[in-house]
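The figures that follow rest on heavy atoms only: side chains count, while hydrogens, waters and symmetry mates do not. Everything numeric in this text was worked out from a predicted model, so none of it was measured.
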Amino acid sequence: MISTGIQRLDDILKGGIREEHSVMFSGLFDEDHRILMHQFVFSLLSQDYKVLLVEFKQTPRSLIKWVKEYGIDYSSFMESEKLRILDGYTNIYSKMTVSGKDMLPNPLDLPITTAIIRDILIKEKYDFLVIDDLSILYAVLSSKEEFFKIIVRFINSISLEHVSTVASFMEELTSPDYYSLLTLPFGYVISVKNGKIHVLKAPHPLSSVTYFTYVKTERGIQPYGEYYETVERLKESLFLDEEGMLWAGNERIQLVEENSEATLIEGLFEYLGEEEAKRFLYFWGRKSFQEIGKIYAKVHKSLRHVLEKIFDETKISGGGMLEILQFSNDMIVIKGKTCSQGCQTLDLRFTFIMPVHLLK
């Protein structure tokens, strides 16, 4: 298994990326998909894989400076020769051919360019080829059909040499049909857009939840819940948009008055009766907990740690305070408190009794 460097993504992938499979990161003009791709490349290098990175988006010097803004430092891996960067950018735009050891002489001549890259991959025994980014080649080449044929053939051919490809692509540039064509040689397709990371394709079964929300930070792309673990960060993220909507980062906040929740519960008891209302609330809560519980269970050591983590996030998000009163193999008792009326703590005296085996 190859870790992506993001635990939540590894959980969806049931451990990470399987070896000898190629990975495509697709997204929009904000280039969040490129940032996540470089985080993955950094993770590959940290796991001692050897990487050849072909840069079409900008000069290698500009790339190194850009990724540092998101906490990704390639310098030590370049010094140890675990990472080599080929410049496929300069000669796309230069009036005269610029030569040098790491320069691709004519990047737009794809048959020659792919042959050069293939030769380097095999001779220097690289584990991964990274193409950053395919969108540039697609945009500047006149023959779109030829682009897809050559790229698909190239990625499949180097996979026979046990070299996997990692690439980024801006999906807005092309039609759904052409986008689907480009994904053919990739075992994994990971979409990064609109604040959501979604695994669209994998060569194996995935977790029941195939996506999660994220935040773009000075440390790159981070899962939403992990970034807002502290009250201070949550406060910093809050803002009102032009329409008066409240946001925390890229997540819209919906304000619900506590008395409206109380009215809902009272209504259930009134119309369903005590036993049926309790049964409804139990299965509603159980269903809501199970999906998030499956993800947390893979990250934390025990069920108790899972519950404590959820309690922390509930408190931070303003959902009240929860504490464990009893924890055994047969039963868990949780007491809940909420904060209202100027944040004077009110004990709602809600106690939840949950048989342990139903949460596993």
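In this structure, the ring of His204 has its center less than 6.0 angstrom from the ring center of Tyr188. Within the 6.0 Å centre-distance limit, the rings of Tyr211 and His198 are counted as a close aromatic pair.
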Can you list the steps and then say if Ile324 with Arg304 is a side chain to side chain contact (heavy atoms under 4.5 Å, CB included)? CA-CA 9 Å; Ile324 297 174; Arg304 189 182 190 102; 4.1 Å; yes

Please determine whether side chain to side chain contact (heavy atoms under 4.5 Å, CB included) holds for the pair Ile85 and Leu53, giving the CA-CA distance in whole Å, both sets of side-chain angles, and the decisive distance to 0.1 Å. CA-CA 5 Å; Ile85 303 178; Leu53 195 161; 4.2 Å; yes

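Donor-acceptor pairing under 3.5 Å is lacking for the side chains of Asn91 and Thr97. A donor-acceptor pair shorter than 3.5 Å can be found between the side chains of Ser43 and Gln47. Asp132 and His38 are linked by a side-chain donor-acceptor pair at a separation below 3.5 angstrom, with hydrogens and angles left out of the test. For the residue pair Ser75 / Asp73, a side-chain donor-acceptor distance below 3.5 Å is found, with atom types taken as modelled.
Checked by atom type and distance alone, the side chain of Ser157 pairs as donor or acceptor with a backbone atom of Phe154 at under 3.5 Å. The closest donor-acceptor contact from the side chain of Ser135 to the backbone of Met170 lies under 3.5 Å. A donor-acceptor contact shorter than 3.5 Å links the side chain of Thr114 to the backbone of Leu110. For the pair Thr113 (side chain) and Asn106 (backbone), a donor-acceptor distance under 3.5 Å is present. The main-chain N or O of Thr210 is never found under 3.5 Å from a side-chain atom of Ser207 such that the two would form a donor-acceptor pair. Proximity of a side-chain donor or acceptor of Gln39 to a complementary backbone N or O of Ile221 within less than 3.5 Å is detected. Under a 3.5 Å cut-off, the side chain of Lys201 and the backbone N or O of Met24 do not form any donor-acceptor pair. Remark: side-chain polar atoms of Asp30 are paired, donor with acceptor, to backbone N or O of Asp32 under 3.5 angstrom. In this structure, Glu323 contributes its side chain and Leu325 its backbone to no donor-acceptor pair below 3.5 Å.
The aromatic rings of Phe148 and Tyr178 lie parallel to each other, with less than 30° between the two planes, well short of the 60° mark. Between Tyr93 and Tyr89, the ring-plane angle classifies as tilted under the 30° and 60° cut-offs.
We find the CG-CD1 distance between Leu83 and Ile64 to be 7.5 Å, quoted to the nearest 0.5 Å. Taking CZ from Phe169 and CG from Leu182, the interatomic distance works out to 5.5 Å, rounded to the nearest 0.5 Å. Atom-to-atom distance recorded for Leu36:CG and Thr4:OG1 is 7.5 Å, nearest 0.5 angstrom.
Asn194 places a side-chain heavy atom less than 4.5 Å from the side chain of Leu28. Between Arg84 and Lys101, some side-chain heavy-atom pair lies under the 4.5 Å cut-off. Inter-residue side-chain proximity for Lys57 and Ser168 is flagged as unmet; no heavy-atom pair is nearer than 4.5 Å. Phe186 is not listed as a side-chain neighbour of Leu200, based on a closest heavy-atom distance of 4.5 Å or more. Here the side chains of Val166 and Phe25 are in contact, with some heavy-atom distance below 4.5 Å.
Here Arg34 pairs with Glu55 in a salt bridge; the nearest charged N to carboxylate O distance falls below 4.0 Å. Here Lys65 does not pair with Glu69 in a salt bridge; the nearest charged N to carboxylate O distance is not below 4.0 Å.
Cation-pi geometry between Lys82 and Tyr49 is not met at under 6.0 angstrom from the ring centre and within 45 degrees of the axis.
Enclosure of atom NZ in Lys144 by more than 12 non-hydrogen atoms of other residues, nucleotides or ligands within 6.0 angstrom is indicated.
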